[in-house]
Amino acid sequence: MDLDTVADELYALTPGEFTAARNARAAEAVRAGDRPLGERIRALPKPTLAAWASNLLVRTRPDETGPLLELGEALRNAYLNVDAAQLRTLSARQRQVTAALAREARQLAASAGQPLGNQALQEVQDTLHAALADPDAAREWASGRLSRPLGAAGFPAVSPSAVTRPRATAGHAPEAAPAPVAEPGRKRATNTTTTTTKAASAPTDLDRARARRERRARADRVGKALREAEEAHEAAEESRSGRQERLDRTTAHQERAARRAADLATRLAAAQDELRDAETAVREARTDLKAADRAVREAETRLRRARRQAEAEEDPDGGDA
């Protein structure tokens with residue numbers, strides 16, 4: 001048993017099955033003598049419904065993982081190079097792919113008996129956007145072991161007017177954007193100002209890094225709050241589970257005692273019937289004994305009389321010489 005194998009097994013389960021299975025696997029590791037592994041297994045957080053649906057999508061449709069990761073890399077390169085035409089094409093593709101995959105995740109979850117509400121569906125789509133925008137998030141999503149949805153991140157929609165770059169025609173280089181006509185003596189200053197304005201309007205690596213850090217910080221705060229809520233929920237679930245087990249044990253004991261009491265009551269009723277029959281038999285036997293006693297006494301009386309009569313017959317003179 002190792003942590004990766006157990007994590008793969010657990011995060012394939014529905015959220016309702018997760019906690020009991022995780023605790024059982026942790027206990028199994030401890031019984032096998034590997035307490036540190038048992039503690040690491042027990043520390044695995046229960047997935048939210050949206051995270052589970054995202055994992056289900058990755059596990060059920062692995063052939064769609066690679067294309068999404070490739071699309072994310074292409075989008076990041078297009079943003080880095082400020083390629084407006086490529087951004088427009090890829091952004092449209094991004095919206096189509098994420099919407100289609102979110103719908104597919106919803107269908108898979110419903111087929112597994114875990115329907116997604118609108119909030120969970122939005123979290124699945126946010127996770128897909130985050131996987132497109134951030135290579136670390138993409139690797140985390142592709143692992144199929146999310147415990148919570150990835151923070152809403154991604155690329156803003158690009159409209160034709162968002163970034164203007166003239167298109168090239170066949171055999172010709174892209175035409176330069178019209179520039180204001182300047183007086184000869186002010187040409188250098190005008191060019192310098194235009195360059196500065198373009199540089200100021202284009203996002204710098206520092207700006208992008210700062211935005212990423214801010215998104216990460218927000219995601220960390222939200223993630224921390226979510227983990228704390230999950231831990232509290234799991235603790236409440238475990239407490240309820242323990243009390244349910246106690247109720248089940250005491251209920252089973254009560255049922256066994258009730259069955260024994262019913263059995264004893266039946267046996268007692270039978271014994272009481274048997275006792276009444278025995279008492280009746282005793283009374284009847286006593287009555288019979290009394291009758292027999294009277295018969296014996298009467299027989300003894302008749303016997304004495306018969307003896308006296310017999311003696312009288314043998315000595316009719318009454319014994320005189």
Side-chain angles (χ1 to χ4, degrees), residues 1 6 9-10 12-35 37-39 41-47 49 52 109-115 117 229-320:
M1 182 189 302
V6 174
E9 170 192 326
L10 294 176
L13 301 175
T14 63
E17 299 169 325
F18 182 89
T19 301
R22 179 199 61 192
N23 294 346
R25 296 294 272 163
E28 184 180 344
V30 172
R31 285 195 300 271
D34 195 342
R35 181 172 293 277
L37 175 60
E39 292 174 352
I41 292 174
R42 191 175 291 276
L44 292 172
K46 174 183 175 181
L49 184 59
W52 168 80
S111 298
Q114 303 288 322
E230 286 175 345
E231 290 170 359
H233 181 262
E234 288 184 10
E237 276 192 343
E238 290 178 0
S239 175
R240 183 187 182 282
S241 177
R243 294 179 183 184
Q244 182 65 51
E245 289 177 0
R246 180 171 178 268
L247 175 60
D248 292 343
R249 288 195 304 271
T250 55
T251 300
H253 179 70
Q254 179 190 29
E255 291 173 352
R256 290 192 299 271
R259 285 194 297 269
R260 286 198 301 271
D263 179 61
L264 290 173
T266 301
R267 293 167 61 187
L268 176 61
Q272 287 174 336
D273 290 341
E274 186 178 354
L275 176 60
R276 283 192 293 270
D277 293 342
E279 289 173 343
T280 300
V282 166
R283 285 194 299 271
E284 291 174 350
R286 283 175 179 169
T287 300
D288 290 344
L289 178 60
K290 288 178 181 179
D293 285 343
R294 283 195 301 271
V296 167
R297 287 195 296 272
E298 290 173 356
E300 287 177 346
T301 300
R302 286 195 300 271
L303 177 60
R304 285 194 298 272
R305 288 175 182 172
R307 282 177 178 171
R308 285 197 297 271
Q309 186 177 5
E311 289 174 355
E313 290 294 331
E314 289 175 359
D315 186 10
D317 294 330
D320 293 337

Heavy-atom nearest pair, A26 first then I41, reads N-CG2, 3.8 Å
Looking at residues at least two apart in the chain, or sitting in another chain, which of them share a side chain to side chain donor-acceptor pair (under 3.5 Å) with Q114? none
For E39, the salt bridge (Lys or Arg N to Asp or Glu O under 4.0 Å) test, sequence neighbours excluded, returns none
What residue pairs, at least two apart or across chains, pass side chain to side chain donor-acceptor pair (under 3.5 Å) with a residue in residues 265-280? D273-R276, T280-R283
Would you please name every residue forming a salt bridge (Lys or Arg N to Asp or Glu O under 4.0 Å) with E17, sequence neighbours left out? none
Between W52 and P47 the two heavy atoms that sit nearest each other are N-CB, 4.2 Å
Hey, could you give me the CD/OG1 distance between E284 and T287, rounded to the nearest 0.5 Å? 7.5 Å
Please list all pairs meeting salt bridge (charged side-chain N to carboxylate O under 4.0 Å, His left out) that have one or both residues in residues 252-262, counting only residues at least two apart or in different chains. none
Quick check: closest heavy atoms across T250 and L247, and the distance to 0.1 Å? OG1-O, 3.0 Å
At what distance, to the nearest 0.5 angstrom, does CG of L37 lie from CZ of R25? 9.0 Å
I need the minimum non-hydrogen distance between A27 and R42, along with the two atoms involved. N-NH2, 4.4 Å
When the side chains of residues 296-308 are checked against the rest of the protein, which donor-acceptor pairs come out under 3.5 Å, sequence neighbours left out?
{"from": "T301", "atom 1": "OG1", "to": "R297", "atom 2": "O", "distance (Å)": "3.0"}
{"from": "T301", "atom 1": "OG1", "to": "R304", "atom 2": "NH2", "distance (Å)": "3.4"}

Provide the closest heavy-atom pair for K46 versus P15 in the form atom of the first, atom of the second, distance. CE-O, 3.1 Å
